[in-house]
Amino acid sequence: MNAREKILQLQSVSPLVLPSLLLCDFGDLRSEVELLGKAGIQALHLDVMDGLFVPNMTYGMPIVEGLARHTELPLDVHLMIQEPSRYLEQFGAAGANLITVHVEACSDLSATLKQIRDLGIASGVALNPDTELDAILPCLELCDLVLCMSVNAGFGGQKFNPVAIEKVKQLVEIRERRQLHFVLEVDGGINVETIGACYAAGATWFVAGSSIFKQECYQQAVTDLTAAAIA
Ligand code: DX5
Ligand code: ZN
């Protein structure tokens, strides 16, 4: 099984809660990952920021590689970096199972998505709240996942923007009409108040930062989010 197949085993899991490794304790990543595993998490969402595409910096390949050595959980790598095609091979070698790039950051989105798949990695495209769906429509055949951002990429702890719900609804229709199979993921401000409407609209994967890491018990947080999605 290659990297892509490993994460696409989760394609039909719904709802799937993915913790965003942005607000976690980076001084003790090993324990954080262990706790998340015990909380029933099935994949990790890694937020990579370059200080250029977004006004914030996080981490790059070495952290992805370190995490891949310590966990069997598939890695959903969200690249918030300008011209990500420059680094895809290195993120693949580091252990990414899925790489999501931002449409706003790519000079040639189709070529970038093809490059990800050619590396045996699942391909995702993300769009910020202000970006129109039209920007990604020609490339949907090349996507294993579409990430509708419900905050502007860059920081955890922001307020949910419902524009993502409208995009999810439209993408469900388009996916049906064009007989495609991409996963619909939402990221930003996901909590027990906001997850239900996203799930009802047709999203199935949910990235959660504050609503897991700011809680005392990760397991309870994941249980609460899952229950709130389907309520
Ligand atoms: C934002 C990141 C998100 C974010 C989620 O740029 O892509 O993954 O950290 O954090 P919360 O859930 O706190 O909005
Ligand atoms: Zn993210």
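Counting begins at 1 with the first residue of the sequence. One-based numbering, in listed order, for ligands and for the atoms of each.
- In this structure, L23 counts as a contact residue of ligand 1, since one of its heavy atoms falls inside 4.0 Å of the ligand.
- Set against the non-hydrogen atoms of H78, the atoms of ligand 1 under 4.0 Å away are 7 (O).
- Near V207, with a cut-off below 4.0 Å to any heavy atom, the atoms of ligand 1 are 8 (O).
- Protein atoms of type N, O or S found under 2.8 Å from the Zn ion (ligand 2) total 4.
- Among the atoms of A208, none of the N or O lies under 3.5 angstrom from an N or O of ligand 1.
- Across F155 and P55, no two heavy atoms sit closer than the pair CZ-O, 3.4 Å.
- At a 3.5 angstrom cut-off on N or O pairs, G209 counts as close to ligand 1.
- The distance criterion of under 3.5 Å between nitrogen or oxygen atoms is not met by M80 with respect to ligand 1.
- With a 4.5 Å cut-off on side-chain heavy atoms, C24 and L29 count as touching.
- At a 4.0 Å heavy-atom cut-off, ligand 1 touches S20 through the side chain alone.
- Put simply, the side chain of M149 reaches to within 4.5 Å of the side chain of V151, judged on heavy atoms.
- Between V163 and D130, the closest side-chain pair of non-hydrogen atoms is not below 4.5 Å.
- Of the possible donor and acceptor atoms, one in the side chain of D50 sits under 3.5 Å from a partner among the backbone N and O of Q82.
- Counting the atoms of ligand 1 from 1 in the order shown, those under 4.0 Å from a heavy atom of G157 are 11 (P), 13 (O), 14 (O).
- Residue contact check: H45 has heavy atoms under 4.0 Å from atoms 8 (O) of ligand 1.
- Residue G189 has at least one heavy-atom neighbour below 4.0 Å for each of these atoms of ligand 1: 11 (P), 12 (O), 14 (O).
- The shortest side-chain heavy-atom distance between L127 and H102 does not fall under the 4.5 Å cut-off.
- Put simply, the side chain of S123 gets close to the backbone of D144: a donor and an acceptor are under 3.5 Å apart.
- Looking from atom 9 (O) of ligand 1 to the surrounding protein, the closest heavy atom is L22 CD2, 2.8 Å.
- The protein non-hydrogen atom at the shortest distance from atom 2 (C) of ligand 1 is D47 OD1, 3.5 Å.
- S20 and D47 are linked by a side-chain donor-acceptor pair at a separation below 3.5 angstrom, with hydrogens and angles left out of the test.
- Residue, atom and distance of the protein heavy atom nearest to atom 6 (O) of ligand 1 are G154 N, 2.8 Å.
- Side-chain contact between L46 and Y59 is present, with heavy atoms from C-beta onward closer than 4.5 Å.
- Summarising the local packing, CZ of R178 is surrounded by more than 12 heavy atoms from other residues, nucleotides or ligands at distances under 6.0 Å.
- Nearest protein heavy-atom neighbour of atom 13 (O) of ligand 1: S210 OG, 2.4 Å.
- In this structure, H181 places its NE2 atom where only 12 or fewer heavy-atom neighbours from other residues, nucleotides or ligands lie under 6.0 Å away.
- Between S211 and ligand 1, no pair of N/O atoms sits closer than 3.5 Å.
- Heavy-atom proximity to G156, at under 4.0 Å, picks out these atoms of ligand 1: 9 (O), 10 (O), 13 (O).
- Which parts of ligand 1 touch D187 is read off a 4.0 Å heavy-atom cut-off, strictly below it: atoms 2 (C), 3 (C), 4 (C), 5 (C), 7 (O), 8 (O).
- Look at F213 and you'll find every heavy atom at least 4.0 Å from all atoms of ligand 1.
- Salt bridge annotation for E65-R69: present, with a cationic side-chain nitrogen under 4.0 angstrom from a carboxylate oxygen.
- Here the side chains of E83 and S107 are in contact, with some heavy-atom distance below 4.5 Å.
- With T71 contributing its side chain and L67 its backbone, the two residues share no donor-acceptor pair below 3.5 Å.
- Taking a 4.0 Å cut-off on heavy atoms, G188 registers as neighbouring ligand 1.
- For the residue pair N191 / T194, a side-chain donor-acceptor distance below 3.5 Å is found, with atom types taken as modelled.
- Within ligand 1, the atoms closer than 4.0 Å to a non-hydrogen atom of F155 are 1 (C), 6 (O), numbered from 1 in the order shown.
- Heavy-atom distances between M49 and ligand 1 reach below 4.0 Å in at least one pair.
- Among the atoms of Q158, none of the N or O lies under 3.5 angstrom from an N or O of ligand 1.
- For S85 and Q115, the side-chain atoms include no donor-acceptor pair closer than 3.5 Å.
- Under a cut-off of 6.0 angstrom, the local environment of OH in Y87 is sparse, with at most 12 non-hydrogen atoms contributed by other residues, nucleotides or ligands.
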